[in-house]
Amino acid sequence: MKSNIERVYKMSFAGVYPHYIQKAEKKGRTKEEVDEIIRWLTGYDQKSLQRQLDNKTNIETFFAEAPQIHPNASKITGVICGYRVEDIEDKLMQQVRYLDKLIDELAKGKAMEKILRQ
C-alpha cells in the first residue's frame, strides 16, 4: 500500500494534468475550468501553476509548494476511487483526492459555484 502512495507522490503533476483536461473536455467542459478548480484548491495563480507544469514538478512538491489549500476544501466530501475523501488520513493523499473529486464533479456537469464550495 505504502509504495503505491509513494508512486503517486512521485508522479509529475504535468503528467496527470492532461488527463484532468481530457476528462473535462470529453464532457463539454474547458481547460479554463480545470485551471480555475486547481487555482481555487491550491492558491496558485495561473503563472505559478504554469511554472509547476513547465518544471514537471512531482505531485508531492506541487501540493507542498501550493500557496494555500483553500479553507473550504474540508467541505469536499464523497467517494473517489473507492475512498471517502473526508476519511483519508494522509493529508497529501487527501489533497490529491480532493482535486480528483473536483474534476469528477466538473465532468459530471456540476455548476462551478457548487464545485468551488461557494
Side-chain angles (χ1 to χ4, degrees):
M1 176 72 180
K2 190 98 177 120
S3 62
N4 278 350
I5 288 176
E6 286 165 10
R7 206 176 70 234
V8 168
Y9 294 167
K10 298 302 174 215
M11 289 166 59
S12 157
F13 187 77
V16 178
Y17 178 71
H19 297 283
Y20 288 143
I21 292 169
Q22 190 179 18
K23 183 173 188 171
E25 288 180 342
K26 252 195 327 213
K27 300 291 185 170
R29 304 305 286 258
T30 66
K31 173 191 179 295
E32 288 70 26
E33 288 175 307
V34 171
D35 287 357
E36 184 179 349
I37 287 169
I38 295 169
R39 292 192 315 262
W40 176 86
L41 180 63
T42 62
Y44 284 113
D45 60 25
Q46 195 61 40
K47 198 180 221 166
S48 55
L49 170 58
Q50 192 57 54
R51 195 172 322 113
Q52 293 287 13
L53 293 167
D54 293 344
N55 293 343
K56 299 197 176 2
T57 306
N58 70 33
I59 287 175
E60 184 172 20
T61 305
F62 178 81
F63 281 99
E65 292 181 352
Q68 184 191 347
I69 298 301
H70 198 284
N72 286 350
S74 61
K75 294 182 178 174
I76 302 166
T77 59
V79 177
I80 191 84
C81 302
Y83 296 97
R84 292 205 71 77
V85 288
E86 61 271 30
D87 295 340
I88 298 172
E89 288 180 20
D90 182 303
K91 262 297 164 234
L92 177 57
M93 184 52 76
Q94 187 177 49
Q95 291 168 356
V96 171
R97 294 303 184 203
Y98 279 161
L99 183 54
D100 291 344
K101 182 74 178 153
L102 296 175
I103 300 300
D104 215 40
E105 290 177 359
L106 180 69
K108 287 181 175 158
K110 252 191 169 183
M112 282 303 275
E113 308 80 64
K114 283 205 167 65
I115 295 170
L116 302 182
R117 306 306 193 259
Q118 292 169 348

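Between R29 and E36 there is no salt bridge, since no side-chain nitrogen of the basic residue lies less than 4.0 Å from a carboxylate oxygen of the acidic one. A salt bridge is defined here as a Lys NZ or Arg NE, NH1 or NH2 lying under 4.0 Å from an Asp or Glu carboxylate O, and D100 with R97 meets this definition.
Taking the side chain to side chain donor-acceptor pair (under 3.5 Å) definition, one finds that K108 meets it with D104, sequence neighbours left out.
In summary, the side chains of K47 and Q50 do not present any donor paired with an acceptor at a separation below 3.5 Å, with no hydrogens or angles considered. Side-chain contact annotation: D90 with Y9, donor-acceptor N/O pair under 3.5 Å present.
Listed by first and then second residue, the salt bridge (Lys or Arg N to Asp or Glu O under 4.0 Å) pairs involving residues 68-87 are R84-E86 (not counting sequence neighbours). Among residue pairs with one or both ends in residues 89-118, none qualify as ring-ring contact (aromatic ring centres under 6.0 Å, His included); sequence neighbours excluded. The stretch residues 8-17 participates, sequence neighbours left out, in these salt bridge (Lys or Arg N to Asp or Glu O under 4.0 Å) pairs: K10-E60. For the ring-ring contact (aromatic ring centres under 6.0 Å, His included) condition, the pairs that include at least one residue of residues 12-39, sequence neighbours left out, are F13-F62.
The structure places CG of L106 at 7.0 Å from OG1 of T30, a figure rounded to the nearest 0.5 Å. Here CG of L102 is found 10.0 Å from CD1 of I38. Values are rounded to the nearest 0.5 Å. Expressed to the nearest 0.5 Å, how far OG1 of T42 lies from CD1 of I37 amounts to 11.5 Å.
A donor-acceptor distance shorter than 3.5 angstrom exists from the side chain of Q94 to the backbone of V85, with no hydrogens or angles considered. Side chain of S48 to backbone of Y44: no donor-acceptor contact under 3.5 angstrom is found.
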Distance-only donor-acceptor hits, side chain of residues 63-71, under 3.5 Å, sequence neighbours excluded:
from, atom 1, to, atom 2, distance (Å)
E65, OE1, Q52, NE2, 2.9
H70, ND1, N72, N, 2.9
H70, NE2, W40, NE1, 3.1

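Put simply, I5 and V16 are part of the same group of oily side chains (I, L, V, M, F, W, Y) that touch within less than 4.5 Å, one to the next.
Among V96, N58, I59, the one residue that satisfies the side-chain contact (heavy atoms from CB on, under 4.5 Å) test with M11 is I59.
Counting only heavy atoms from C-beta outward, the side chains of T61 and N55 never approach each other to under 4.5 Å.
For the pair K101 and G78, the tightest heavy-atom approach, listed with the atom from each and the gap, is CE-CA, 4.0 Å. A pairwise comparison of heavy atoms in R117 and T77 identifies NH2-N, 4.0 Å as the closest pair. Contact detail for L53 and A14: the closest heavy-atom pair is O-CB, 3.4 Å. The heavy-atom pair separating L49 from R39 by the smallest distance is CD2-CG, 4.3 Å.
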Verdict with reasoning, E33 to M112, per side chain to side chain contact (heavy atoms under 4.5 Å, CB included): CA-CA 8 Å; E33 288 175 307; M112 282 303 275; 4.0 Å; yes

